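Chain letters run A, B, ... following the sequence lines, proteins first and then strands; every chain starts at 1. Nothing here was measured: the structure is a model prediction, and the numbers come from that model.
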Amino acid sequence: MNDSPDFDGLKCPIPLRDYPRITLGHGGGGQLSSELVEHLFLPAFHNPYLENLGDSAVLPIAGKRLAFSTDSFVVRPLFFPGGSIGDLAVNGTVNDLAMSGAKPLYLSAGFIIEEGFEIQQLVAICNQMSQAAKKAGISIVTGDTKVIEKGHGDGCFINTSGIGIIPDGINIGPANARPDDVILISGTIADHGMAIMSVREGLEFETTIESDSAALNSLVEYMLKVNTDIHVLRDPTRGGVASSLNEIATSSKVGIVLQELSIPVTPSVQSACEFLGMDPLHVANEGKLIAIVSSETAELLLEMMKKHPLGKDSAIIGTVTSDHSGRVVEKTAIGASRVVTPQIGEQLPRIC
Amino acid sequence: MKYLKEFRDGKKAKHIAEEIRQVTTQKWSIMEVCGGQTHSIIRNGIDQILPDDIELIHGPGCPVCVTPLHLIDKALAIASRDDVIFCSFGDMLRVPGSKQDLFSVRATGGDVRIVYSPLDALQLARKNPDKEIVFFGIGFETTAPANAMAIHLAHKQKISNFSVLVSHVLVPPAIEAIMSSPQNRVQAFLAAGHVCSVMGYWQYHPLSQKYRIPIVITGFEPLDILEGIRRAVIQLESGKAEVKNAYQRVVTEDGNQSAQKILEEIFDVTDRTWRGIGMIPRSGWKLREKYRKYDAEIRFSVQDIEACESELCKSGEVLQGIIKPVDCPAFGKKCTPRTPLGATMVSGEGACAAYYNYGRFNTVEEKE
């Protein structure tokens, strides 16, 4: 059997060969996704802007720094408690831009729609995109529509790309965490992932958990008014807080220490995670950010974040250390410690 | 859900650990039977706060881990069929068969779905009368009642497009196999609390007496596990060998009578091969003759599929507590959760995965 793709010329292709075909895990935001990026996309497209691996590329244009980002949305079901693919498509790209400190300005929207899809649903999706855009203060200025044959898609997929301008004096990036910095989170974690899980076919369970889908640019703008020296910002979407912090630890060549008892999780999300055997640190968020700042400025920033509607449950969850570089360690509730690894592929509910 | 925090209290945990320290005068090896307990021990770092003299040996109670390779291959064969919707608990999807896993079957067009209960699979059977719905019915006494219920309902409601690939295994014969092994090092057992919630613990008295070994029915939260260890150590130190229940909020001596009744109706005791361990007599359940038409092995004629294990994988020795995951030469090198050689590296309850995921390498730093 020789259906291995030809990776000659690309860097260290070995891990990709373990999987001759794409599995769902390759899109899960965990280790398999990282391997695709590291071993395929980076060597194939290499350039200094891409290699930063931030949520958006930072491009010097006409004396300004432009943030540019793209994201595709394939969430199922299309409508879920607390949101829909429409507001997710806007908020997701707005957030990717905001995480570089940029003021998001313009978005594109590409629709890939399956033949037979109800127009009424598309109307509902566009209404929600429009509302989300208004709320985030951005405009959707260009777009594209493709229709694919019935059975070749799952209703409706959306891609959005966006641009924004990074104000002068802001230098935020995944490689900027320094030892003794403090890690903040802007609220409770794992809400979005568990809201989606609760309505997936075959896994439905009764709960009041709602997605936290929100555009974070107003929160970021507000935070930058208090503290222009924010080192890292990240919205922990797929792969959750664990994957984001592992990426930051690797990029910044530092270790991270989390305090289990400080991490905000609502009781209903905690229950659902226990029930399905999932770690909230691995579950997706769509309206939360991780901020890493110097220890001197952390308390004041926390106080201010709590005054913003999108940051009222903010908390300090850990610190950066020069020890165990590239690794995230959590101090557990009983005073022991464990290593927090990035999620591997798709999240799997356990058996019992 | 109640009791999310109560049984994880750091102060109380330290208090129990201190009590254990005070009564411990020599080295003791205690096996936690259930993979859920192993996961909790490593996840919370319970072993880190115990006295050095207490060694925890991780037992075979991970249903995903002990499901034999040939059964995974049978599942893969059935799941690859065009007329089948194959339903499984999530963590079975990444368990490697001889050549591939269920994820790969799905990537090549197989209809493989994650469900949380066999009753959801039965619902799929009602919704898809033109398809064969097969549920991968694995697990210990804990998951068996729901599988029995699904078959009972399918039979009652005459749902003919539903079948189950059955591979149930039982805890007491596994304890017996470990105790009668010449390599055995186990001096006390923490019995699996959830298995006992179904079956009770009356079956454990003869085992405890025969092998002169303390058995403590134990839960899964940090305080539950610490209390189980405390009661085991107290017995060991005083030369006692009794069955004690440290999980009284869930487990009774007789267990869940209605569950046992339906298990008795649907299943019959059979010999089972345990992945990594081998055949253990009368250690599993199969469908009774009356319900054989719901047996997916027969329905899809896959009884004859056989398979050989990777020679590199030492999961059998891990599952019997003979070696720790980190003692396997493949651990963390050829074998990782992403490229697992054996099921103990896949399941959240597998000892190898617990060690890997929570960073228990030989070189791991324990730093403030």
Side-chain angles (χ1 to χ4, degrees), chain A residues 1 15 18-26 30-32 35 197 200-205 255 257 260-261 265 267-268 270-279 282 321 323-325 327-352, chain B residues 1 4-5 8-10 12-14 17 36 39 42-49 63-64 87 89-94 103-104 106-108 113-117 120-121 123-124 138-140 142-143 194 222-223 226 336-339 347-349 356-361 364-368:
Chain A
M1 193 177 79
D18 296 340
Y19 284 85
R21 287 168 195 273
I22 290 290
T23 66
L24 277 174
H26 285 108
Q31 208 179 327
L32 288 177
E35 280 173 12
M197 201 67 82
R200 277 265 162 92
E201 185 182 19
L203 288 178
E204 300 100 329
F205 53 90
V257 181
E260 180 176 15
L261 290 174
V265 187
S268 49
Q270 183 73 47
S271 303
C273 284
E274 296 285 336
F275 187 63
L276 293 172
M278 289 177 175
D279 186 338
H282 283 152
T321 166
D323 296 335
H324 53 83
S325 173
R327 223 172 240 179
V328 180
V329 172
E330 180 182 76
K331 294 284 162 199
T332 67
I334 64 164
S337 64
R338 64 150 174 154
V339 171
V340 178
T341 45
Q343 190 196 315
I344 307 242
E346 216 188 350
Q347 279 214 310
L348 304 175
R350 68 152 182 243
I351 167 167
C352 62
Chain B
M1 196 189 279
L4 282 172
K5 294 220 166 81
R8 294 175 192 181
D9 185 294
K12 287 185 184 144
K14 286 203 179 81
H39 178 90
I42 306 298
R43 156 75 181 75
N44 293 292
I46 293 168
D47 53 336
Q48 294 170 22
I49 66 170
V64 173
C87 303
F89 293 129
D91 41 6
M92 284 308 289
L93 265 66
R94 215 187 290 124
F103 268 126
S104 309
R106 187 154 87 174
T108 46
R113 302 192 193 179
I114 295 173
V115 293
Y116 203 67
S117 155
D120 295 335
Q123 185 61 23
L124 275 172
I138 67 150
F140 282 87
T142 334
T143 52
H194 290 161
L223 295 191
L226 284 163
T336 68
R338 212 187 58 75
T339 54
S347 168
E349 295 172 32
Y356 190 94
N357 288 336
Y358 297 128
R360 296 298 182 86
F361 305 95
V364 72
E365 312 92 325
E366 298 292 348
K367 286 183 175 151
E368 280 301 316

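Atom-to-atom distance recorded for B:F103:CZ and A:H26:NE2 is 11.5 Å, nearest 0.5 angstrom. In this structure, B:N357 CG and A:D279 CG are separated by 9.5 Å, a value rounded to the nearest 0.5 Å.
The nearest pair of heavy atoms linking A:T332 to B:R43 is CG2-O, 3.4 Å. The minimum heavy-atom distance between B:G45 and A:A336, with the atom names listed, is O-CB, 3.2 Å. The two residues A:A333 and B:R8 have their closest heavy-atom pair at CB-O, 3.6 Å. In this structure, A:T341 and B:Y356 approach most closely via the heavy-atom pair CG2-O, 4.1 Å.
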task = Please assess B:I42 against A:R338 for the test side chain to side chain contact (heavy atoms under 4.5 Å, CB included), listing each intermediate value before the final yes or no.
result = CA-CA 8 Å; B:I42 306 298; A:R338 64 150 174 154; over 6 Å; no
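Taking the side chain as every heavy atom from C-beta outward, A:R21 and B:R106 never approach each other to under 4.5 Å.
Contact of B:I46 with chain A is made through backbone and side chain together, with heavy-atom distances under 4.5 Å.
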